[in-house]
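One structure is given here, and the rest of the page talks about it.
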Amino acid sequence: DHASELFSADAMLALSPRLKAGLEAAGSINRFDNDVTSDACRARVGPALRLDVSQFIKARFGAGYERIQYDSAAASGLGISAENTYYAYGGVEHDVTRFFSHSLQVFHDNQLGYNAGNLRGTHLQYALNWQPKESLSLSPHVQVIFYDESYGSGPPSLYHERFTYALAGLTARYQLG
């Protein structure tokens with residue numbers, strides 16, 4: 001149905017043993033076989049911060065500029081133009097013991113839409129991680145996502161929908177060997 005090429009890089013400078021700051025960048029090229037209206041290139045760049053609050057608590061923050069460039073004649077014909085937007089995230093991970101940790105993340109991003117060119121989302125996620133054995137980890141998690149799907153600056157007559165997802169799950173990992 002579609003193909004995406006994804007790219008990412010970051011460069012971090014240790015300002016102290018507990019603080020790293022730097023720049024991050026990411027991009028993608030997205031091509032759709034059946035709906036060329038959503039063909040797009042995406043790029044984002046911004047500052048990032050990594051902080052070891054203590055031996056057991058780590059925090060990550062970042063935010064920046066994001067560009068979504070629709071690059072098909074069909075999109076231009078419908079009045080869909082490039083989007084200048086932002087991304088932002090913050091998260092804290094707490095290692096309670098060597099067997100148990102938990103984390104909280106909040107982030108805002110833009111993804112490929114399901115029915116339109118862009119899916120703007122604000123996410124809140126909490127996860128536990130329990131490692132009863134070295135080779136086994138169990139991670140229950142919950143997440144709430146507030147989505148706004150549209151063609152952004154395109155005409156109001158094009159597809160637009162707002163919806164909320166509430167998700168809960170369990171991830172189990174077992175390392176063989």
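Computed from a predicted structure; not experimentally measured. Values below: every heavy atom of this structure, side chains too, minus hydrogens, waters and symmetry copies. The chain is numbered in sequence order, starting from 1.
- Taking the side chain as every heavy atom from C-beta outward, I145 and T122 never approach each other to under 4.5 Å.
- Taking each heavy atom of L23 and P47 in turn, the nearest pair found is CD1-N, 4.1 Å.
- A 4.5 Å side-chain heavy-atom check between V142 and L167 finds every atom pair outside the cut-off.
- Of the inter-residue distances, the one linking Q69 atom CD with D39 atom CG reads 12.0 Å to the nearest 0.5 angstrom.
- Hydrophobic clustering (ILVMFWY, side-chain heavy atoms < 4.5 Å, transitive): L124 and L128 are in one cluster.
- Taking both residues in full, the closest heavy atoms of R31 and A40 are given as NH1-N, 4.1 Å, listed atom of the first, atom of the second, then distance.
- Note that CG of L104 is 9.0 Å distant from CD of Q125, once rounded to the nearest 0.5 Å.
- Below 30°, between 30° and 60°, or above 60°: for F107 and H123 the angle between ring planes is below 30°, a parallel geometry.
- Here the closest heavy-atom approach between residue M12 and residue A48 is recorded as CE-O, 3.9 Å.
- The cluster map of Ile, Leu, Val, Met, Phe, Trp and Tyr, joined by side-chain heavy atoms under 4.5 Å apart, puts W130 and Y174 in the same cluster.
- Of the N and O atoms on the side chains of N84 and Y65, at least one donor lies less than 3.5 Å from an acceptor on the other residue.
- Electrostatic pairing of R50 and E24 counts as a salt bridge here, judged by a charged N lying under 4.0 Å from a carboxylate O.
- Taking the side chain as every heavy atom from C-beta outward, I29 and F7 approach each other to under 4.5 Å.
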Q143 and Y165: CA distance, side-chain angles, deciding distance, side-chain contact (heavy atoms from CB on, under 4.5 Å) verdict: CA-CA 8 Å; Q143 185 174 22; Y165 279 156; over 6 Å; no
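- Side-chain atoms of I57 and D52, non-hydrogen and from C-beta on, never get closer than 4.5 Å to each other.
- In terms of modelled atom types and a separation under 3.5 Å, the side chain of S54 and the main chain of F56 share a donor-acceptor contact.
- Defined by atom type and a distance below 3.5 Å, a donor-acceptor pair is missing between the side-chain atoms of R173 and Q175.
- Taking 4.5 Å as the limit, every side-chain heavy atom of T171 sits out of range of all side-chain heavy atoms of L138.
- Looking only at distances, no side-chain donor or acceptor of D10 sits under 3.5 Å from a matching main-chain atom of A25.
- Looking at Q111 and D109, their side chains do bring a donor and an acceptor atom within 3.5 Å of each other.
- With R18 contributing its side chain and V53 its backbone, the two residues share a donor-acceptor pair below 3.5 Å.
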Pair H108-Y89, ring pair (Phe, Tyr, Trp, His ring centres under 6.0 Å): steps then yes or no: CA-CA 6 Å; H108 175 87; Y89 64 88; over 10 Å; no
From CA spacing to verdict: side chain to side chain donor-acceptor pair (under 3.5 Å), D148, H160: CA-CA 7 Å; D148 185 0; H160 185 253; 2.7 Å; yes
Stepwise side-chain contact (heavy atoms from CB on, under 4.5 Å) test for L51 and K58: CA-CA 6 Å; L51 176 63; K58 296 180 179 17; over 6 Å; no
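- For the pair Y86 and E66, the minimum side-chain heavy-atom distance is 4.5 Å or more.
- The distance between the ring centers of Y126 and H102 falls below 6.0 angstrom.
- Here the straight-line distance linking atom SG of C41 with atom CD of E5 works out to 11.0 Å at 0.5 Å rounding.
- Note that CZ of R162 is 13.0 Å distant from CZ of F146, once rounded to the nearest 0.5 Å.
- Residues L170 and P140 come closest through the heavy atom pair CD1-N, 3.6 Å.
- Here the side chains of T164 and V144 are in contact, with some heavy-atom distance below 4.5 Å.
- When side chains are defined from C-beta on, L49 does not count as touching K20, because their heavy atoms never get closer than 4.5 Å.
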Derivation of the side-chain contact (heavy atoms from CB on, under 4.5 Å) call for D95 and T97: CA-CA 6 Å; D95 294 330; T97 69; over 6 Å; no
